[in-house]
Amino acid sequence: MRNFFDSQLEQLNLELINMGALCESAIASAVTALSERNLQLVEKTNLKEREIDRKERDIENLCLKLLLKQQPVARDLRTISSALKMISDMERIGDQASDIAEIARFAGGQPADHEIHILDMAEKASDMVTTAIDSFVKKDLSLALSVIGLDNGVDELFVKVRNEIVAMVKEDNTKGEHAMDLLMIAKYLERIGDHAVNISEWVVYSITGSHNGEEEQLIDLPS
């Protein structure tokens with residue numbers, strides 16, 4: 001019975017890896033669609049977002065089966081309940097990647113120099129998502145905590161991009177609409193970083209039994 005349960009937990013890990021890879025791909029497609037004004041990549045991002053939604057439902061069903069049929073306790077229960085929380089954040093990441101792509105669909109003009117920092121934000125946010133999922137699969141507490149620390153870098157880039165946008169509008173006030181698009185994209189990327197932090201915090205909980213530094217009262221069985 002335990003071997004079957006372990007094989008299902010391994011399947012859960014694989015499904016989460018796949019969902020994380022879809023999120024990473026969606027972010028990359030969305031930002032490339034913006035930088036290259038590529039409408040095909042807009043459609044690709046939207047397809048990825050729908051795949052992420054389906055993957056969320058698949059993982060949710062797997063978790064519920066594990067909870068109802070296997071009745072896990074202690075660390076196994078924390079692992080499954082954390083996965084249920086994590087897929088909600090990953091689904092939101094897919095939504096935000098799609099939102100970025102939709103802005104790219106209607107954005108006019110050519111890429112500007114200041115947009116490079118949006119690309120930097122996208123790279124850092126995507127790396128955070130990948131590392132957060134990796135920390136869950138490897139049950140690596142230090143890896144999860146490193147993601148939480150990386151969030152400051154994304155926040156700093158958001159401030160930098162915001163200041164660049166303000167400077168751009170001051171220089172040419174006809175770019176106001178484009179500036180708002182860029183600011184929304186930067187905000188979506190900042191939120192993606194926040195979701196990666198949420199995922200990492202649930203990884204910490206799955207390993208330690210505490211969330212946001214507070215001991216979990218509902219599940220206090222030994223690991």
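What you see is a predicted model, and the numbers here were worked out from it, not measured in a lab.
- The side chain to side chain contact (heavy atoms under 4.5 Å, CB included) with Leu189 is formed by just one residue from the set Leu119, Val154, Ile100; it is Ile100.
- Counting only heavy atoms from C-beta outward, the side chains of Thr32 and Arg37 never approach each other to under 4.5 Å.
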**Report entry** Trace of the side chain to side chain contact (heavy atoms under 4.5 Å, CB included) decision for Leu150 with Asp127
**Finding:** CA-CA 9 Å; Leu150 289 172; Asp127 286 347; 5.8 Å; no
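- Side-chain polar atoms of Glu102 and Asn46 form a donor-acceptor pair below 3.5 angstrom.
- Remark: Lys139 qualifies as a cation-pi partner of Phe136 under the 6.0 Å distance and 45° angle criteria applied to the six-membered ring.
- Val166 and Leu182 fall into different hydrophobic clusters, where Ile, Leu, Val, Met, Phe, Trp and Tyr are joined by side-chain heavy atoms under 4.5 Å apart, directly or via other members.
- Using modelled atom types, no side-chain atom of Arg75 and backbone atom of Ile207 make a donor-acceptor pair closer than 3.5 Å.
- When side chains are defined from C-beta on, Phe5 counts as touching Pro72, because their heavy atoms get closer than 4.5 Å.
- Under 4.0 Å is where a charged nitrogen must lie from a carboxylate oxygen, and between Lys187 and Glu190 at least one such pair does.
- Electrostatic pairing of Arg92 and Asp89 does not count as a salt bridge here, judged by no charged N lying under 4.0 Å from a carboxylate O.
- Between Glu43 and Arg105, at least one side-chain nitrogen of the basic residue sits less than 4.0 Å from a carboxylate oxygen of the acidic one, meeting the salt-bridge criterion.
- One finds a salt bridge joining Lys138 and Asp134 here, because a Lys/Arg side-chain nitrogen approaches an Asp/Glu carboxylate oxygen to under 4.0 Å.
- Between Glu60 atom CD and Glu91 atom CD the span is 10.5 Å, to the nearest 0.5 Å.
- A chain of hydrophobic side-chain contacts below 4.5 Å, direct or via other Ile, Leu, Val, Met, Phe, Trp or Tyr residues, connects Trp202 to Leu84.
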Query raised in the report: Does the pair Arg54 and Glu51 meet the rule for a salt bridge (charged side-chain N to carboxylate O under 4.0 Å, His left out), with working shown?
Result: CA-CA 5 Å; Arg54 287 193 292 271; Glu51 288 185 59; 5.0 Å; no
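- To the nearest 0.5 angstrom, Leu183 atom CG is 5.0 Å from Ile165 atom CD1.
- One finds the CG atom of Leu9 at 7.0 Å from the OG1 atom of Thr79 (value rounded to the nearest 0.5 Å).
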Requested in this report: List the steps, then state whether side chain to side chain contact (heavy atoms under 4.5 Å, CB included) holds for Gln8 with Gln70.
Outcome: CA-CA 10 Å; Gln8 288 186 307; Gln70 303 297 331; 3.4 Å; yes
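- Each of Asn198, Ile133, Ile59 was evaluated against Met86; a single residue qualifies, Ile133, per the side chain to side chain contact (heavy atoms under 4.5 Å, CB included) test.
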